[in-house]
Amino acid sequence: MTGDPLSMSQLISDLGSGTPPLEQIPTGEPAAITTIVRAIEARVRASAGRGPAHRDAHPKAHGCAKAHLRVFPDLPPALAVGLFTRPATYEAWVRFSNGAEKPQGDAVGDGRGMAIKVMGVPGSPSGSQDFVMINAPAFFVRNAADYVDFQTASAGNPLSFFLPGLNPFRFRLHELKMARAITSQVVSNPLSSRYWSMTPLLLDDVPCKISAKPVGPASAFQDRTAENFLRDNLSRGLEVAEAAFDLCVQVRTQLTGMPVEDPTVAWSETDAPFVPVARLTLPRQRLDALERIAFGENLSFTPWHGLAAHRPLGGINRVRRTVYETVSRLRHELNHAPRVEPSGFQTTDPSGL
């Protein structure tokens, strides 16, 4: 990592220096973030007693793939911002994963993640631009306070977060609908799914969301019989053919229907369509080398790795800033692993992955 690491209290206090016209930070949010971080930190430490320390979310990886991101030429001025200012091709790493905090069979309903680390980005403090997405346009937790309730509920009966008691005025039926929309999707190959950022980020001074759409024919590998079929199908697909996604931007066009602080609301694609701004190409490659697997485990992804022009927005992203940084530091410390942002393929690994 570049620069001196900030403490948890500094990370939280710095969140107030964002973009006040776009963000509304609740009074109790810093305390809620502290509670969330402490609980997650305790879980990571406890799990490390049974083996290596892993991510608290998305710990089960299906594969970590090399990629190239090519920014399209002749973008409209409103979209030619930040990473997309001018045509360029960047080296990138892409990690596909399951969202559940404990690894489970791929047939179980779950969020499927796609995290992209674009390397060698001029002007980025980390040297990279990360996009963290799952295969759904909306999340099922509104804010930091609700995330505290979700953590408490998930330790016992996760359904109690959505139906906390007998009072119907406390039911979170909208959130339950969003959660079921995520877990009910049938995914057979990570290369065939579409992914969304769910939470907004800046496009210079305008909020936007990001989506990665598969390009070209679906992968031929769709068998679901093995326990880890997502890993198997991803690996087999990239062994025989390249894959590609269009990275698309959705610019917010209205205030009420496209909130910054509520990621449980999907922004209408009718009112604000996603527009392709770059193409992510994954060339043919092998994903099963032990060095590649270990490298993917040591990578850290966060929407806060990136340019100021793409600053993450909203409460859940403010939670992510402190949680992701804390967990990254902790698991690398517990695993005695170096915590370094890769700057390009040539400096990533001497084995020539």
Side-chain angles (χ1 to χ4, degrees), residues 58 60-73 83-84 87-99 106 110-121 128-137 182 185-198 209-226 228-250 274-289 291-293 295-297 299 301 342 344-345 348-349 352-353:
H58 291 269
K60 182 179 180 179
H62 308 310
C64 184
K66 279 183 175 180
H68 291 90
L69 184 78
R70 179 175 61 87
V71 178
F72 293 146
L83 184 67
F84 316 116
T89 298
Y90 298 90
E91 294 176 337
W93 285 103
V94 183
R95 182 180 185 267
F96 296 96
S97 61
N98 280 352
D106 292 339
D110 198 355
R112 319 297 177 175
M114 179 189 196
I116 305 170
K117 181 176 294 295
V118 183
M119 298 180 289
V121 177
S128 57
Q129 178 69 54
D130 290 3
F131 298 106
V132 181
M133 299 174 282
I134 74 165
N135 61 323
I182 295 171
Q185 292 191 57
V186 177
V187 179
S188 300
N189 188 321
L191 298 173
S192 302
S193 286
R194 182 181 173 189
Y195 302 88
W196 290 261
S197 65
M198 297 189 299
K209 291 187 179 182
I210 300 289
S211 181
K213 297 181 179 180
V215 176
S219 173
F221 297 92
Q222 303 287 332
D223 183 81
R224 298 174 58 86
T225 55
N228 299 313
F229 60 80
L230 291 174
R231 179 191 64 194
D232 295 345
N233 291 336
L234 171 65
S235 296
R236 291 169 183 166
L238 287 180
E239 283 180 17
V240 300
E242 71 174 26
F245 294 83
D246 273 352
L247 197 67
C248 306
V249 169
Q250 180 189 37
F274 278 92
V275 179
V277 292
R279 178 155 297 177
L280 184 74
T281 301
L282 287 64
R284 291 179 58 184
Q285 59 193 288
R286 293 285 301 273
L287 304 182
D288 57 0
E291 296 92 344
R292 174 69 66 87
I293 294 170
F295 172 76
E297 285 301 301
L299 279 178
F301 294 90
F345 295 148
T348 294
D349 189 279
L353 296 178

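Scope of the values below: all heavy atoms of this structure, side chains included, with no hydrogens, waters or symmetry mates. We count residues from 1, following the sequence as given.
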When rounded to the nearest 0.5 angstrom, what is the spacing between CZ in Phe221 and CZ in Phe229?
15.5 Å
Side chains of Leu83 and Phe131, heavy atoms from C-beta outward: is any pair under 4.5 Å?
yes
Identified side-chain hydrogen bond (donor to acceptor under 3.5 Å, both in side chains) partner of Asn98 from the options His58, His62, Arg231:
His62
Using 30° and 60° as the class boundaries, would you call the ring planes of Phe245 and Phe96 parallel, tilted or perpendicular?
tilted
Looking only at non-hydrogen atoms, find the nearest pair between Gly99 and Asp110 and report the distance.
N-OD2, 3.4 Å
Counting N and O atoms only, with roles assigned by atom type, does the side chain of Gln285 sit under 3.5 Å from a partner on the main chain of Pro283, one being a donor and the other an acceptor?
yes
Indicate yes or no for a side-chain donor-acceptor contact from Arg292 to the backbone of Cys64 under 3.5 Å, with no hydrogens or angles considered.
yes
Run Arg279 and Val215 through side chain to side chain contact (heavy atoms under 4.5 Å, CB included) and show every step you take.
CA-CA 9 Å; Arg279 178 155 297 177; Val215 176; 3.7 Å; yes
Identify which one of Val249, Asp246, Leu247 satisfies the side-chain contact (heavy atoms from CB on, under 4.5 Å) criterion when paired with Pro276.
Asp246
Calculate, to the nearest 0.5 Å, the distance between atoms CD1 and OH belonging to Ile116 and Tyr195 respectively.
10.0 Å
When you compare the side chain of Met133 with that of Ile210, does any pair of heavy atoms fall below 4.5 Å?
yes
Can you find a heavy atom in the side chain of Arg112 that is under 4.5 Å from one in the side chain of Ser193?
no
How far does CG of Leu234 sit from CG of Leu191, to the nearest 0.5 angstrom?
5.0 Å
With no hydrogens and no angle check, is any side-chain donor or acceptor of Gln129 less than 3.5 Å from a backbone partner on Val121?
no
Is there a donor-acceptor pair closer than 3.5 Å between any side-chain N or O of Asp130 and the backbone N or O of Ala115?
no
Minimum heavy-atom distance Phe301-Lys117, with the two atoms named
CE2-CB, 3.5 Å
Please report the closest heavy-atom contact between Pro137 and Lys209, naming both atoms and the distance.
O-NZ, 4.3 Å
Does this structure show an ion pair linking Asp106 with Lys60, if we count only N-O contacts that are shorter than 4.0 Å?
yes
Pairwise distance CD(Glu242) to CG(Leu282) - rounded to 0.5 angstrom
9.0 Å
Measuring only between side-chain heavy atoms, which start at C-beta, is Val277 closer than 4.5 Å to Val71?
no
Testing the basics here: between Ser188 and Gln222, what is the closest heavy-atom pair and its distance to 0.1 Å?
CB-OE1, 3.0 Å
Rounded to the nearest 0.5 Å, the CG atom of Leu69 sits from the CE atom of Met119 at a distance of 11.0 Å
So, is the end of the Lys213 side chain (NZ or CZ) under 6.0 Å from the ring centre of Phe274 and within 45° of the ring's axis?
no
Just checking, is any N or O donor in the side chain of Arg194 or Ser211 under 3.5 Å from an acceptor N or O on the other one?
yes
Indicate the atoms forming the closest heavy-atom contact of Ser219 with Asn189, along with that distance.
OG-ND2, 3.1 Å
Drop me the distance from Ile134's CD1 to Gln185's CD, to the nearest 0.5 angstrom.
8.0 Å
Kindly say whether Val187 contributes a backbone atom to a donor-acceptor pair with the side chain of Arg224 at under 3.5 angstrom?
yes
May I ask you to decide if the ring planes of Trp93 and Phe295 are parallel, tilted or perpendicular, using 30° and 60° as cut-offs?
tilted
Taking Arg284 for the side chain and Glu239 for the main chain, is one N or O donor matched with an acceptor at less than 3.5 Å?
yes
